[in-house]
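Data first, discussion second: the structure below is written as structure tokens.
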Amino acid sequence: MERTLSIIKPDGVSRGLIGEVIKRFEKEGIRIAAMKMIHMTKKEAEGFYAVHREKPFFDSLTDFMSSGPIVVMVLEGEDVIQRNRDLMGATNYKEAKPGTIRADFATDIEKNVVHGSDSPENAKIEIAYFFSELEIH
Ligand code: IDP
Ligand code: MG
């Protein structure tokens, strides 16, 4: 059994896509083990995306991620890190497979509706950034 961190980004929340995204997880038999809505400060967004600090899009990305409320979730299931990435689709929505969340809803390479951890190591770090063990059920 594996865990991953999912985020419905500010564009997904403001466009009313929370239910749509969660429905896709539940339909796949992915269990939601923790969930909350938060609004990150710029500093908190910079901490979360620290691995991208040197990227040209870092400032814009962290502005965007702190621009409004987000829904953060711990997803649990077999091979859930890869299965969530498959449901999300490619970072660039223009390259995402039809039927993926990003192909269906993203409007921009940055405003791409969802985040998902990309490895077991990062999943662990990202889950701990938002949740204590006591909040994961
Ligand atoms: P991922 O979310 O598919 O794992 P990453 O490469 O980890 O993609 O990038 C993190 C986030 O940064 C992306 O989801 C997207 O919001 C933003 N991003 C990635 N590449 C670009 C870019 O070339 N321009 C603008 N924003 C980008
Ligand atoms: Mg990533």
Side-chain angles (χ1 to χ4, degrees):
M1 204 53 84
E2 206 172 62
R3 282 177 177 172
T4 193
L5 185 85
S6 167
I7 302 179
I8 305 176
K9 296 184 179 184
D11 59 328
V13 172
S14 67
R15 290 169 60 210
L17 297 172
I18 297 172
E20 178 64 39
V21 171
I22 290 175
K23 185 177 77 186
R24 290 176 183 223
F25 296 153
E26 291 188 330
K27 242 171 101 180
E28 281 299 308
I30 292 172
R31 208 174 74 77
I32 296 166
M35 173 163 63
K36 61 188 168 192
M37 182 181 279
I38 60 166
H39 186 156
M40 287 196 286
T41 62
K42 172 86 169 166
K43 284 259 171 302
E44 288 165 346
E46 287 171 352
F48 179 70
Y49 276 120
V51 291
H52 292 311
R53 197 168 287 280
E54 303 307 323
K55 303 273 171 65
F57 56 82
F58 180 72
D59 192 50
S60 172
L61 173 63
T62 52
D63 274 346
F64 164 55
M65 288 300 288
S66 59
S67 68
I70 60 173
V71 173
V72 286
M73 285 172 274
V74 177
L75 306 181
E76 197 174 76
E78 212 170 296
D79 200 22
V80 74
I81 296 171
Q82 188 56 50
R83 283 164 67 210
N84 179 44
R85 296 290 306 195
D86 292 345
L87 288 173
M88 288 163 57
T91 308
N92 184 349
Y93 72 103
K94 290 178 180 165
E95 290 160 12
K97 286 201 187 111
T100 60
I101 294 167
R102 284 166 165 174
D104 288 351
F105 301 111
T107 54
D108 186 273
I109 189 164
E110 178 179 86
K111 294 175 181 62
N112 57 8
V113 188
V114 280
H115 167 85
S117 309
D118 63 5
S119 66
E121 301 71 42
N122 286 335
K124 215 170 168 188
I125 293 166
E126 292 180 359
I127 288 168
Y129 196 72
F130 294 111
F131 295 98
S132 80
E133 264 311 309
L134 288 172
E135 295 175 298
I136 305 171
H137 306 286

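Order of appearance sets the numbers: ligands from 1, and atoms from 1 within every ligand. Just so we're clear, the structure is a prediction, and the values are computed from it rather than from any experiment.
Side-chain N or O atoms of N92 include none that pairs as donor or acceptor with a backbone N or O of I109 at under 3.5 Å. Judged by distance alone, the side chain of H39 and the main-chain N or O of S66 form a donor-acceptor pair under 3.5 Å.
Protein heavy atom at the shortest distance from atom 18 (N) of ligand 1 is F57 CE1, 3.6 Å. For atom 4 (O) of ligand 1, the nearest non-hydrogen atom of the protein is R85 NH1, 2.8 Å. For atom 10 (C) of ligand 1, the closest heavy atom belonging to the protein is H52 NE2, 3.6 Å. Of the protein's heavy atoms, R102 NH2, 3.0 Å lies nearest to atom 2 (O) of ligand 1.
At least one N or O atom of K9, backbone or side chain, sits closer than 3.5 Å to an N or O atom of ligand 1.
The E110 neighbourhood of ligand 1 comprises atoms 15 (C), 16 (O), 26 (N), with distances under 4.0 Å to a heavy atom of that residue. Each of the atoms 13 (C), 14 (O), 15 (C), 16 (O) of ligand 1 lies under 4.0 Å from some heavy atom of N112.
Taking each heavy atom of Y49 and M65 in turn, the nearest pair found is CE1-CG, 3.5 Å. In this structure, R24 and L87 approach most closely via the heavy-atom pair O-CD1, 4.1 Å.
Nearest-residue assignment for atom 3 (O) of ligand 1 (options D108, N92, T91; heavy-atom criterion): T91. For atom 11 (C) of ligand 1, the nearest non-hydrogen atom from the set D118, I109, L61, V51 comes from L61.
Note: F48 and H115 have perpendicular aromatic rings, judged against thresholds of 30 and 60 degrees for the angle between ring planes.
With Q82 as reference, D86 is the one residue of D79, N84, D86 to meet the side-chain hydrogen bond (donor to acceptor under 3.5 Å, both in side chains) rule.
T62 and K42 are linked by a side-chain donor-acceptor pair at a separation below 3.5 angstrom, with hydrogens and angles left out of the test.
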